[in-house]
Amino acid sequence: MPRSLSDWLGLIERQHPQAIAMGLERVRAVAQRMGLGHPARRVITVAGTNGKGSTVAFIEAIARAQGLRVGAYTSPHLLRYNERVRIDGCEVEDAALVAGFEAVEAARADTPLTYFEYGTLCALWLFAQAGLDLAVLEVGLGGRLDAVNLVDADAAVITTVDLDHQQWLGSDVESIGREKAGIARAFKPLVLGDDDPPASVLRHAYAIGAPAWRISNDFFAEPIDAQRWRWREVGFSIELPMPALAAPVQLRNAACAIAALRALGLRLEAQALAEGVAQARVAGRLQRFERAGVEVVVDVGHNPQAARALADWLRRQPPRRTLAVYAALDDKDAAGVVQALIDEVNAWHLAGSREAGPRGLAVDTLVQRLSSVLGAHPQTAHPDVGTALQAALAAAAPDGRVLVFGAFHAAATALRWLAAD
């Protein structure tokens, strides 16, 4: 039996022949043998193409400011596995995770589980013992067949629906919407962060009697000035500080978080709302550093929708010469991502991601995939993200900007490099 967390992570990574295996039969059988039920008095499940981690952070921060005992489960992690499981705002210790994995292994018998399924069962087991008022669970992939969907949530959130993971979820937003809508439960509220959500989502909500709370229809996020915004629904409104998390899209995530908590019938104090919105933090979301007068911005954006949000944020910033360090995984729409940012970036430092594992991409392949998009745009190729970041910083002019993005792997590598610098 493995003794350390790193030993366990190595074991569970090797245990299933596939990194992703959709379906709930296997993981449900193990959960039943573990006696897992509702992991907290109330549960909110969060799915979506982008914005899931930020929305979880807003829900968690507001609920904790209200005095609730909260557990949060997110994925993937950036720097250490412990980031995935938080109780009362703190990452769980190695020993607790080891105990959770031991509990999963004891119940697993000969049932194969993926890395994510192991982690989900471990988190649910830890939450069940923690006496939580609220558990906030981020879906890993899709919704309907994701391991998190074992839990019957009291409210569900779908932040956005756009193209990503098409090989698993379908080739169009209607198909992807159907998969994500699978987290909704009959007669339980479903919060939607798209102004115009796919018809498949609305049809499913109607079919099961899940009341849909739609942004810009049932609740609203309205900027007032640079420091304040207003959350509003019929019969209630409140002015709040702007989120510490940058990017205009974070208003939507904060608004969905408030809607989800109100959908549970919680009486939220104005101070708790203000504190939670202002204090929520997530690493790798437009996270800023400064190196020798150069602004370094690290973001986990990895699909075209996220890239469009990045471009929107860049257009709102003071003009700076911007160099991009971009790395992609093999199954991502690299051309779509770069196309969304082509007008906001002055030069590209393309990086390989082979060290990210089976989904990693050699830089030569990335360059080839982007040749028709980048054309004559200034570009250089580097074997890895660390090398590309060093080169971009060396090439950046004083008062310039370096944007590192394209995958969680790219953001994690940059954060480690910047911490060691």
Side-chain angles (χ1 to χ4, degrees), residues 42-66 68 134 136 138-139 143 153-162 177 180-181 183-185 187-199 201-206 208-225 227-245 247-280 305 309 312:
R42 295 181 177 91
V43 178
I44 298 174
T45 304
V46 181
T49 304
N50 292 298
K52 298 187 296 293
S54 298
T55 302
V56 169
F58 282 121
I59 294 171
E60 178 187 21
I62 293 167
R64 293 192 65 238
Q66 183 68 28
L68 301 182
L134 175 67
V136 195
E138 179 186 345
V139 168
D154 301 288
V157 180
I158 301 176
T159 55
T160 63
V161 179
D162 210 287
K180 294 187 185 301
I183 68 169
R185 292 298 188 267
F187 312 112
K188 300 291 179 65
L190 172 64
V191 175
L192 302 175
D194 277 325
D195 285 354
D196 186 19
V201 174
L202 297 175
R203 279 197 301 268
H204 181 73
Y206 179 79
I208 66 172
W213 292 32
R214 296 168 57 181
I215 197 167
S216 302
N217 185 62
D218 301 293
F219 64 97
F220 301 84
E222 303 166 336
I224 298 172
D225 54 34
Q227 285 77 43
R228 297 174 301 151
W229 65 290
R230 180 184 295 109
W231 191 95
R232 178 171 64 86
E233 66 178 4
V234 174
F236 175 78
S237 69
I238 184 171
E239 290 188 10
L240 296 166
M242 283 291 183
L245 289 171
V249 73
Q250 293 295 357
L251 274 192
R252 286 180 173 266
N253 295 332
C256 287
I258 294 170
L261 288 165
R262 286 181 62 81
L264 291 180
L266 296 174
R267 296 177 61 87
L268 300 171
E269 298 172 1
Q271 183 177 353
L273 287 168
E275 287 182 8
V277 167
Q279 293 175 5
Q305 185 186 53
D312 184 29

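Every value quoted in this text rests on a predicted model; they were computed, and no experiment measured them.
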To the nearest 0.5 Å, atom CG of Leu190 lies from atom CZ of Arg185 at 11.0 Å
Using only atom types and a distance under 3.5 Å, with no angle test, would you say the side chain of Thr49 pairs donor to acceptor with the backbone of Asp162?
yes
Hey, is the main chain of Ala257 close enough, under 3.5 Å, to the side chain of Thr55 for a donor-acceptor pair? no
Whether Arg262 engages the ring of Phe219 as a cation-pi pair (distance to the six-membered ring centre under 6.0 angstrom, angle to the ring normal within 45°) should be assessed. no
Between the CD1 atom in Ile258 and the CD1 atom in Ile59, the distance rounded to the nearest 0.5 Å is 10.5 Å
| message | Between Asp194 and Asp196 (side chain of the first, backbone of the second, donor and acceptor by atom type, cut-off under 3.5 Å), is there such a pair? | response | no
| task | Given side chain to side chain contact (heavy atoms under 4.5 Å, CB included), test Val277 with Trp231 step by step and report yes or no. | result | CA-CA 11 Å; Val277 167; Trp231 191 95; over 6 Å; no
Checklist entry - Can Leu202 and Leu192 be said to form a side chain to side chain contact (heavy atoms under 4.5 Å, CB included), step by step? => result CA-CA 9 Å; Leu202 297 175; Leu192 302 175; 3.7 Å; yes
Rounded to the nearest 0.5 angstrom, the CZ-CG distance for Phe58 and Asn253 is 6.5 Å
Hey, does the side chain of Glu269 reach the backbone of Gln66 with a donor-acceptor pair shorter than 3.5 angstrom? no
With a 4.0 Å cut-off, would you call Asp195 and Arg252 a salt bridge? yes
Value for NZ (Lys188) from CG (Leu264), rounded to nearest 0.5 Å, stands at 9.5 Å
Here the gap from Leu245 atom CG to Gln279 atom CD, rounded to the nearest 0.5 Å, amounts to 12.0 Å
(Q) Quick check against the 3.5 Å criterion: does Thr45 have a side-chain atom that pairs as donor or acceptor with the backbone of Ala153? (A) no
Q | Polar side-chain atom of Trp213 near backbone of Asp218 as donor-acceptor pair, under 3.5 Å | A | no
To the nearest 0.5 Å, atom CZ of Arg42 lies from atom CG of Leu134 at 8.0 Å
